[in-house]
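Just so you know, residue 1 is the first one in the sequence shown, and it goes up from there.
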Amino acid sequence: MKKQFLRNGADAFNDHQLLELFLFFGKPQGDVNPLAHMLIDHFGSLSAVFDAPPEELVKVKGVGEHVAVLIHLMPQLMRRYGLSRMDDTDIMANVSDLGDYFQPYFYGARNEMAYLLSMDGKGKVLGCDRLSEGSLNVTALDSRSVLEAALRRRASCVVLAHNHTSGVARPSREDVSATVQLERILQQIDVILMDHLIIVDGDFVSLRQSKAKPWGWRDSFDEL
């Protein structure tokens with residue numbers, strides 16, 4: 001299987017086979033094919049296996065602490081890999097750029113998190129700060145942390161992003177309300193809130209482009 005992978009890549013494997021190859025490095029002794037099938041059958045999909053917490057993984061027969069840690073490590077490693085490829089000198093020219101930029105921050109996240117991207121007047125990235133993490137929704141954001149991050153980065157404009165662990169990217173009333181509130185607070189320090197992105201499983205929704213767009217928001221980066 002290792003030779004086949006090196007020769008043909010992951011596209012030559014189905015999900016069970018890929019997981020089997022991965023599990024071999026956690027259990028090099030014995031046949032891990034039945035365990036790969038058992039894990040996917042138990043959790044429902046390959047992604048669900050890697051999203052599962054260690055305490056749930058060890059409930060599957062054949063999964064010990066070593067294998068559970070290995071599986072749990074993979075999404076965290078890929079998140080760090082994605083972040084390490086990012087360049088803080090990037091220019092955010094459109095909403096698609098923003099979505100691509102934020103995705104690595106939420107890769108494999110099991111809790112709701114919120115980040116603030118700070119930019120200068122030309123859309124150049126000045127830095128990205130984590131505002132919160134936990135099971136709370138975006139309405140629990142501390143406005144002081146938003147202001148401090150924007151001021152520390154000397155931002156002209158910022159973009160807020162948070163994830164929905166429910167798997168539904170549709171903005172809630174609370175999301176819109178919190179966005180309007182943060183926009184007014186940032187206006188007091190002459191910082192523009194350009195957008196608020198809702199991130200879900202490799203996809204995102206922009207409040208600026210959605211029907212839930214707060215009244216009076218700009219429709220283009222060119223209006224900066």
Side-chain angles (χ1 to χ4, degrees), residues 51 75-76 78-92 95-121 123-210 212-214 217-218 221 224:
D51 287 340
Q76 307 299 321
M78 291 308 300
R79 177 177 180 273
R80 188 66 61 86
Y81 167 77
L83 291 174
S84 70
R85 288 171 57 89
M86 294 167 58
D87 186 353
D88 278 348
T89 63
D90 286 345
I91 301 293
M92 299 292 108
V95 173
S96 179
D97 288 346
L98 291 173
D100 291 342
Y101 182 90
F102 275 117
Q103 288 294 347
Y105 284 94
F106 298 94
Y107 188 86
R110 294 191 292 120
N111 295 323
E112 290 199 0
M113 301 188 296
Y115 285 87
L116 189 76
L117 172 64
S118 296
M119 300 176 290
D120 66 10
K124 178 181 177 181
V125 172
L126 301 175
C128 189
D129 297 282
R130 186 169 68 180
L131 301 174
S132 66
E133 178 176 2
S135 59
L136 300 178
N137 59 38
V138 73
T139 58
L141 281 177
D142 179 8
S143 58
R144 178 182 297 180
S145 63
V146 175
L147 291 173
E148 288 178 349
L151 288 171
R152 183 173 64 255
R153 299 287 187 180
R154 298 183 179 179
S156 295
C157 57
V158 296
V159 176
L160 178 67
H162 85 283
N163 60 321
H164 280 183
T165 55
S166 64
V168 179
R170 185 182 301 109
S172 66
R173 292 181 179 178
E174 291 79 10
D175 292 336
V176 176
S177 176
T179 302
V180 172
Q181 181 180 357
L182 286 176
E183 181 184 34
R184 291 170 179 169
I185 292 173
L186 286 165
Q187 284 176 344
Q188 297 176 12
I189 59 171
D190 295 324
V191 174
I192 298 170
L193 180 59
M194 283 298 298
D195 206 343
H196 180 177
L197 269 57
I198 314 297
I199 311 292
V200 168
D201 294 334
D203 196 8
F204 71 94
V205 168
S206 158
L207 258 72
R208 186 157 61 91
Q209 291 185 338
S210 75
K213 178 175 64 177
W217 267 31
R218 293 165 175 78
F221 278 83
L224 264 179

**OP:** Please report the shortest heavy-atom distance between Ser156 and Asp120, naming the atom on each side.
**Re:** CB-C, 3.7 Å
Original post:
Should we say atom CD of Gln76 is surrounded by more than 12 heavy atoms from elsewhere, each under 6.0 Å from it?
Top reply: yes
**OP:** Mind running side-chain contact (heavy atoms from CB on, under 4.5 Å) on Leu186 and Ile192 for me, showing each step along the way?
**Re:** CA-CA 7 Å; Leu186 286 165; Ile192 298 170; over 6 Å; no
Original post:
Between Cys157 and Val191, which heavy-atom pair has the shortest distance, and what is it?
Top reply: CA-CG1, 4.1 Å
Original post:
More than 12 foreign heavy atoms under 6.0 Å from CZ of Arg152: is that the case here?
Top reply: yes
**OP:** Taking all non-hydrogen atoms of both residues into account, name the closest pair between Ala150 and Val158 and its distance.
**Re:** CB-CG1, 4.2 Å
**OP:** Kindly indicate whether the side chain of Ser143, heavy atoms from C-beta on, has any atom under 4.5 Å from the side chain of Leu182.
**Re:** yes
**OP:** Please round to the nearest 0.5 Å and tell me the distance separating atom CG of Asp195 and atom CE of Met92.
**Re:** 12.5 Å
Subject >> Distance in Å, Met194 CE paired with Met119 CE, rounded so as to fall on 0.5 Å steps >> reply: 6.5 Å
**OP:** Check whether any side-chain heavy atom of Tyr105 lies under 4.5 Å from a side-chain heavy atom of Met113, and answer yes or no.
**Re:** no
Original post:
Hey, mind stepping through Leu193 and Val146 against side-chain contact (heavy atoms from CB on, under 4.5 Å) and telling me if it holds?
Top reply: CA-CA 11 Å; Leu193 180 59; Val146 175; over 6 Å; no
**OP:** Classify the angle between the aromatic ring planes of His196 and His162 as parallel (below 30°), tilted (30 to 60°) or perpendicular (above 60°).
**Re:** tilted
Subject >> From CA spacing to verdict: side-chain contact (heavy atoms from CB on, under 4.5 Å), Val159, Phe102 >> reply: CA-CA 10 Å; Val159 176; Phe102 275 117; 3.7 Å; yes
Original post:
In Å, rounded to the nearest 0.5 Å, how long is the span from OG of Ser206 to CD1 of Ile198?
Top reply: 9.0 Å
**OP:** Drop me the distance from Ile199's CD1 to Tyr115's OH, to the nearest 0.5 angstrom.
**Re:** 11.5 Å
Subject >> CZ-CG distance between Arg153 and Asp129, expressed to the nearest 0.5 angstrom >> reply: 4.0 Å
Original post:
Atom CG of Leu197 and atom CD of Gln209: how far apart are they, to the nearest 0.5 Å?
Top reply: 8.5 Å
